[in-house]
Visitor: 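After the structure tokens below, expect a handful of questions from me.
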Amino acid sequence: RQNEVMGVGGLSQRGIASMLNNDNFNIHSSLLPETKMIMLNQQNESLNFFREKKVRLALLLGLNREFFVNEYLSGQAVLASSPIPPGNWAFNDSLMNVDYDPDNAADLLSESGWVLPEPDDEDINDNSGLQKDGQELKFQLLVPNDDLSVVLGEIAVEDWGRLGINAVLQTVELDILKEEHLDTREFQAIMIDVSLQRTPDPDPYPFWHQTEIESGQNYSGYDNRIISEYIEQARTTPSSSSRSNLYHMFQRRFVDDTPALLVYHPVYSYVTNKVVHGVQMGPIIEPSDRFNGISNWYIVIRRVVGGLTN
């Protein structure tokens with residue numbers, strides 16, 4: 001407020017929002033190589049509806065991601081269309097965005113045989129959701145207990161509820177989420193952040209290859225041979241252009257099959273005083289990369305001729 005700060009990073013979303021209308025500062029932003037996503041446990045036999053492509057796509061279409069980004073992140077994030085963030089050399093920029101479309105989501109669920117029970121059935125209570133073959137479309141959504149994740153979880157549960165999907169929100173301490181839930185596969189649906197920091201090559205093998213289902217990082221248990229072949233070949237080809245093409249094919253197949261619900265890529269924002277000139281932020285792998293062009297930063301100093309005066 002006293003115009004003494006030259007630059008600051010790592011502000012909360014609320015802090016960034018408070019700076020947006022402050023004429024004393026400039027905000028420089030760049031995408032972080034991270035993806036907020038919801039993984040669906042496709043190896044749990046009691047949740048076999050997660051193996052249905054139309055159900056997974058309906059969950060994504062029925063989640064108002066744009067509302068969350070605009071209202072709770074002040075627009076400081078990019079809706080995710082791929083597990084590889086934009087700006088990365090392997091990103092496929094020809095992918096189609098999935099917009100919020102609850103009507104289409106409802107149609108997909110209906111086409112898949114998910115319907116509301118007849119109201120006159122004595123065995124059905126007023127809270128019953130979509131059903132098929134005696135099974136209800138119901139699951140638990142596990143989220144970290146930080147404020148933003150909880151809000152996003154609440155929005156998802158509410159949005160899906162309007163479609164007749166009964167999702168139950170449960171929070172968990174972040175420091176036990178991996179050990180007690182991801183590693184053990186003790187979850188139904190789970191919200192996580194996947195980071196590609198310090199990995200210039202965005203190798204998707206650990207999270208999506210078949211061999212990682214049992215004890216690796218393929219936590220959702222996604223079993224797709226075509227996708228596995230793409231990322232196997234990408235790991236063994238020495239040509240960066242060939243590897244990029246394989247990553248592009250992986251992303252197209254990923255978007256088509258929707259093995260997980262990609263939500264957004266976060267933005268890292270660095271605030272500088274307007275007296276600091278020449279600041280530019282390109283793609284960053286980690287926050288310290290904001291200083292890559294620091295040699296071009298400068299402050300205009302007015303020279304006073306004639307010495308100091310009181």
Side-chain angles (χ1 to χ4, degrees), residues 33-61 80-85 88-92 94-96 98 108 112 135 137 139-142 177-263 265:
E34 298 176 9
T35 307
K36 173 79 76 176
M37 69 176 67
I38 297 173
M39 286 189 166
L40 311 170
N41 192 337
Q42 298 173 44
Q43 294 295 313
N44 188 325
E45 293 297 332
S46 67
L47 305 169
N48 53 18
F49 47 76
F50 282 152
R51 299 174 188 170
E52 297 182 32
K53 174 181 172 179
K54 288 185 177 180
V55 169
R56 298 194 300 268
L57 181 55
L59 288 169
L60 183 60
L61 287 166
S81 60
S82 164
I84 298 176
N88 188 287
W89 61 269
F91 175 69
N92 186 342
S94 68
L95 300 174
M96 292 184 61
V98 177
L108 287 171
S112 300
Q135 182 183 24
L137 189 45
F139 60 89
Q140 180 187 85
L141 174 60
L142 198 62
L177 183 142
K178 182 178 185 298
E179 182 177 349
E180 295 190 10
H181 297 281
L182 284 174
D183 290 344
T184 61
R185 280 41 173 184
E186 291 294 326
F187 69 90
Q188 297 183 353
I190 190 167
M191 185 183 299
I192 65 171
D193 296 297
V194 175
S195 174
L196 298 177
Q197 288 192 23
R198 300 178 178 85
T199 54
D201 189 314
D203 182 9
Y205 189 102
F207 290 100
W208 308 112
H209 195 273
Q210 294 168 305
T211 60
E212 300 294 307
I213 291 175
E214 293 298 326
S215 57
Q217 292 179 286
N218 187 348
Y219 302 120
S220 60
Y222 180 59
D223 191 355
N224 186 293
R225 186 58 208 151
I226 295 177
I227 274 193
S228 292
E229 288 178 355
Y230 287 154
I231 52 186
E232 282 172 14
Q233 294 174 41
R235 271 199 160 186
T236 57
T237 181
S239 167
S240 59
S241 61
S242 296
R243 194 160 63 252
S244 177
N245 288 334
L246 288 163
Y247 283 157
H248 282 197
M249 290 188 288
F250 155 75
Q251 291 168 81
R252 282 196 296 269
R253 175 69 63 165
F254 188 103
V255 171
D256 177 71
D257 209 33
T258 321
L261 312 181
L262 306 180
V263 185
H265 305 296

Visitor: Can you check whether A260's main-chain N or O pairs, donor with acceptor, with T258's side chain at less than 3.5 Å?
Guide: no

Visitor: With a 3.5 Å distance limit and no angle check, can you tell me whether T184 reaches the backbone of E180 through a side-chain donor-acceptor pair?
Guide: yes

Visitor: Using the ring-ring contact (aromatic ring centres under 6.0 Å, His included) criterion, which residues pair with F207? Sequence neighbours excluded.
Guide: none

Visitor: Nearest 0.5 Å please: distance from the CG atom of L142 over to the CD1 atom of I190.
Guide: 4.5 Å

Visitor: Could you state the interatomic distance from CE (M96) to CG (D256), rounded to the nearest 0.5 Å?
Guide: 11.0 Å

Visitor: Any side-chain donor-acceptor pair under 3.5 Å between S241 and S239?
Guide: yes

Visitor: Using modelled atom types and a 3.5 Å cut-off, is there a donor and acceptor pairing between side-chain atoms of Q251 and backbone atoms of A90?
Guide: yes

Visitor: With rounding to the nearest 0.5 Å, note down the distance linking OG in S220 to CD in E212.
Guide: 11.5 Å

Visitor: Apply side-chain contact (heavy atoms from CB on, under 4.5 Å) to L182 and L177, showing your working.
Guide: CA-CA 7 Å; L182 284 174; L177 183 142; 3.6 Å; yes

Visitor: State, with a plain yes or no, whether a side-chain heavy atom of I192 is found less than 4.5 Å away from one of M39.
Guide: yes

Visitor: Answer yes or no: is there a donor N or O on one side and an acceptor on the other, between the side chain of T35 and the main chain of M37, under 3.5 Å?
Guide: no

Visitor: Taking F187's backbone N and O only, do any of them form a donor-acceptor pair with N41's side chain (distance below 3.5 Å, no angle check)?
Guide: yes

Visitor: Side chains of D201 and W89: does their closest heavy-atom pair fall under 4.5 Å?
Guide: yes

Visitor: Are any of the side-chain heavy atoms of M191 and K36 separated by less than 4.5 Å?
Guide: yes

Visitor: Is the shortest heavy-atom distance from the side chain of I226 to the side chain of M249 under 4.5 Å?
Guide: no

Visitor: Looking at A189 and I38, what are the two nearest heavy atoms and their distance?
Guide: CB-CG2, 4.2 Å

Visitor: Could you tell me whether the side chain of P202 reaches within less than 4.5 Å of the side chain of N88, counting heavy atoms only?
Guide: yes

Visitor: Where is the tightest heavy-atom contact between Q43 and G221, given as atom of each residue plus distance?
Guide: NE2-O, 2.7 Å

Visitor: Quick one: CG on N218 to OG on S228, what's the gap to the nearest 0.5 Å?
Guide: 8.0 Å

Visitor: Any side-chain donor paired with an acceptor under 3.5 Å for Q210 and R225?
Guide: yes

Visitor: Identify the heavy atoms of L262 and A80 that sit nearest to each other, and give their distance.
Guide: CB-CB, 3.8 Å

Visitor: When you measure from the side chain of R253 to the backbone N and O of I227, does any donor-acceptor pair fall under 3.5 Å?
Guide: no

Visitor: Just wondering, do F91 and P85 contact through their side chains at under 4.5 Å, heavy atoms?
Guide: no

Visitor: Does any N or O in the side chain of Q42 come within less than 3.5 Å of the main-chain N or O of P259, such that one atom is a donor and the other an acceptor?
Guide: yes

Visitor: Under a 4.0 Å N-O cut-off, is there an ion pair linking R51 with E45?
Guide: yes

Visitor: Distance-only, no hydrogens or angles: does the T237 side chain make a donor-acceptor pair with backbone N or O of Q233 under 3.5 Å?
Guide: no

Visitor: Should E34 and L196 count as side-chain neighbours, where that means a heavy-atom distance under 4.5 Å?
Guide: no

Visitor: If you look at every heavy atom in H209 and E232, which pair is closest and at what distance?
Guide: NE2-OE2, 2.7 Å

Visitor: Once you round to the nearest 0.5 Å, how far does NE2 of H248 lie from CG of L95?
Guide: 8.0 Å

Visitor: Does any N or O in the side chain of Q135 come within less than 3.5 Å of the main-chain N or O of S46, such that one atom is a donor and the other an acceptor?
Guide: yes

Visitor: Before you tell me yes or no, could you show the steps for F50 and F139 under ring pair (Phe, Tyr, Trp, His ring centres under 6.0 Å), namely the whole-Å CA-CA distance, both residues' side-chain angles and the distance that decides it to 0.1 Å?
Guide: CA-CA 10 Å; F50 282 152; F139 60 89; 5.1 Å; yes

Visitor: With sequence neighbours excluded, what pairs up with H265 under the ring-ring contact (aromatic ring centres under 6.0 Å, His included) test?
Guide: none

Visitor: Check step by step if side-chain contact (heavy atoms from CB on, under 4.5 Å) holds for L61 and V98.
Guide: CA-CA 7 Å; L61 287 166; V98 177; 3.5 Å; yes

Visitor: Let me confirm one number: the CG-NZ distance from L108 to K53, rounded to the nearest 0.5 Å.
Guide: 10.0 Å

Visitor: Hey, are the side chains of Y247 and D203 touching, using non-hydrogen atoms and a 4.5 Å cut-off?
Guide: yes

Visitor: Between Y222 and D257, do the side chains contain a donor N or O and an acceptor N or O under 3.5 Å apart?
Guide: yes

Visitor: Of all residues at least two apart in sequence or in a different chain, which pass the ring-ring contact (aromatic ring centres under 6.0 Å, His included) check with F254?
Guide: W208, F250

Visitor: Do Y205 and T211 get their side chains close enough for a donor-acceptor pair, meaning under 3.5 Å?
Guide: yes

